[in-house]
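Before any comments, here is the structure.
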Amino acid sequence: MSAQTLEQVVSLAKRRGFIFPSSEIYGGLQGVFDYGPLGVELKNNIQNDWWRTNVYERDDMEGLDAAILMNRLVWKYSGHEETFNDPLVDCRSCKSRWRADHIKGKCPNCGSTDLTEPRPFNMMFKTQVGPVADADSFAYLRPETAQGIFANYLNVQQTTSRKLPFGIAQIGKAFRNEINPRNFLFRVREFDQMEIEFFVMPGTDEEWHSKWLEARLSWWEGIGVPRSQIQIYDVPKADLAHYSKRTYDLMYNYPTLGYEEIEGIANRTDYDLGSHSRDQDKLGLTARVNPNTDSLARLTYFDQASNRHVVPFVIEPSAGVGRCTLAVLCEAYAEEMVKSPAPEKLEAVQVALTAFLKSAGRNENLGAEQRDALMAAGEAIATDLPNALGQVDALLALPGADKIELGKKLRGQAQPLLDESYRTVLRLRPKVAPVKAAVFPLKRNHDGLVGTARDIRKALQHTGMRTVYDDTGAIGKLYRRQDEIGTPFCITVDFQTLDDGSVTVRDRDTMQQERVASSELSVYLRERVG
RNA sequence: GCGGGAGUGGCGCAAUGGUAGCGCAUCUGCUUCCCAAGCAGAGGGCUGCGGGUUCGAAUCCCGUCUCCCGCUCCA
């Protein structure tokens, strides 16, 4: 059974050290998160896979790592200073605040027309540059990595002698002063972007847009986010960003949240290169750009075939690493029954569930909608009980469930049974799993087994793969621990190891074991981890 | 930001004005020849934070912060 709620995944991520709220010891900072010991491995693996796929495995791509701080003129001409904001208005009568473009001169709350003038709320963070704090000595923390690529377009094109079409890939931090960060990693103020700006001949842009859509879907599939879980949203003209002619949003079906964007693939036309160029009127731009009186360059491409300078069109696949990491975790998360629950304990859950539903049915504090949703979910569980045990948590997370006192009792009955008869396993692709292999001695109080296991783990530390050693529990517990963080292979040293040097390698997904010579382990793992 | 709900060891909960407990998890020892076994023990909370009421506050009041649900933000 896959993740039913985002809560399950978030809870695992916090409990096992994937992700922590930033500066939590001081109460945190809204919309900012830290990646813990496992999170940093997972995140690095995802980024590396993206880089390998898009840079190493293609013939038409270069990499870049541009600075976060840039001359503020970049943001003037990119359009972000002007348009990357939401004008807000306040209602003087009821003190509510609204986005100016979402109301029509009247407060939706109280109907008053006594509204303030729209005030711009710019989503870019400012920071002081240099010792003198005058009005002009500031820079923005970039709200997207894309502009670093556009600003370096000529540098990259000229130093690599690239011909169209070619692309520039970059992974890096971006910052947005979101009005209201929400939903764990989903909407945050500091995040990493994996962006490609792919430069093509005007007129071939639509064809390349489609190609990139396919390429990106294929990458998602490869890190464990299947096509069936993604919807392609062809953004309506009216909703397009200021730079875009057409955009496909890839919408992933997050538990609890539903379909939300994990990647945008935009046709940015010649907007960006045109915006940052001088002599714009001579460039034959199709995009409407603001006149540029500051740029020192023409961001053009000389086409030998037609013997003319053109401004390339740009296709931009852009994904947030955090959203990606979250999707990968959600997709990998599974709870599966490993032994049948004891009948009398199951009976107790059944009774508690019946009582819970009865109570929900006559609870007057619930709206009809909430009650119906609770009853439906509860009855579905009741009729499929040993199997649906894991959904009790999701049931209790539904809106309104907290109003029913018996919910606590139900959880109290279900949780121990779930711990006992289920295992939580992250079925991560081995290439993204934080830990590739864990080494255990079968008995932790046997010096021969412990010493041999430590030696084997030590040898694996020089393979470039993250491995761990653990002997702080019985073998079954050690396996479960590794299942929960998605370690694909567990290596156990037993008494036979002392005789012939072979170990057992236990597969995370099948729980099957095979014997492998310890001298072959690094090759064995390398073949399977990729 | 607004409206609604909530904050008690890592997690899940208990304690409704009287010295803060339980289960799970973690760690140590014994035991254990492969899937969260058993036994014994240990560590960990000035109850989100700050003020107030009171002889006394997890509990009552005010403020503040954070989280969750809705409106909004599009990587």
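Chain identifiers are assigned alphabetically (A, B, ...) following the order of the sequence lines, protein sequences preceding nucleic acid strands; residue numbering begins at 1 within each chain.
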For this session: Whenever both distances are under 3.5 Å in a Watson-Crick or G-U wobble pair, mark it; put RNA chain B into dot-bracket that way, with [ ] for crossing pairs and | when the partner is on another strand.
Result: (((((((..((((....[..)))).(((((.......))))).....(((((..]....))))))))))))....
Exercise. For RNA chain B, whose closest nucleotide is more 5', that of Phe33(A) or that of Ala319(A)?
Worked result: Phe33(A)
Do any side-chain atoms of residues 485-496 of chain A form donor-acceptor pairs under 3.5 angstrom with protein atoms, and if so which ones, sequence neighbours left out?
residue	atom	partner	partner atom	Å
Thr487(A)	OG1	Gln482(A)	OE1	2.6
Thr492(A)	OG1	Tyr479(A)	OH	3.0
Asp494(A)	OD1	Gln496(A)	N	3.2
Asp494(A)	OD1	Thr497(A)	N	3.2
Asp494(A)	OD1	Thr497(A)	OG1	3.1
Asp494(A)	OD1	Arg515(A)	NH2	2.9
Asp494(A)	OD2	Arg515(A)	NH1	3.0
Gln496(A)	OE1	Arg515(A)	NE	3.4
Gln496(A)	OE1	Arg515(A)	NH1	3.4
Gln496(A)	NE2	Asp500(A)	OD2	2.9

For this session: Could you tell me whether Val188(A) contacts a base, only the sugar-phosphate backbone, or nothing, with contacts defined as non-hydrogen atoms closer than 4.0 Å?
Result: base
Exercise. Heavy atoms under 4.0 Å, any strand shown: does Asn445(A) hit a base, just sugar-phosphate, or nothing?
Worked result: base
For this session: Determine, for nucleotides 6-12 of chain B in 5'-to-3' order, which nucleotides have protein heavy atoms under 4.0 Å from the base (write B), from only the sugar-phosphate (write S), or from neither (write -).
Result: ------S
Exercise. What string of B, S and - do you get for nucleotides 34-47 of chain B, 5' to 3', if B is base contact, S is sugar-phosphate-only contact and - is no contact with any protein heavy atom under 4.0 Å?
Worked result: BBB-----------
Exercise. Is the shortest side-chain N/O distance from Thr472(A) to OP1 or OP2 of C27(B) below 4.0 Å?
Worked result: yes
For this session: Considering just the side-chain nitrogens and oxygens of Gln30(A), establish if one lies under 4.0 Å of OP1 or OP2 belonging to C67(B).
Result: yes
For this session: For residues Tyr252(A) and Tyr254(A), establish whether the separation of their ring centroids is below 6.0 Å.
Result: yes
Problem set entry | By side chain to side chain donor-acceptor pair (under 3.5 Å) - contacts of Thr247(A) (at least two apart) | Ser244(A)
Problem set entry | C1'-based separation of G7(B) from G48(B) [nearest Å] | 6 Å
For this session: Sorted by first residue and then second, give each side-chain hydrogen bond (donor to acceptor under 3.5 Å, both in side chains) pair with at least one member in residues 442-451 of chain A; sequence neighbours left out.
Result: none
Exercise. Is there a donor in the side chain of Thr424(A) and an acceptor in the side chain of Glu484(A), or the other way round, less than 3.5 Å apart?
Worked result: no
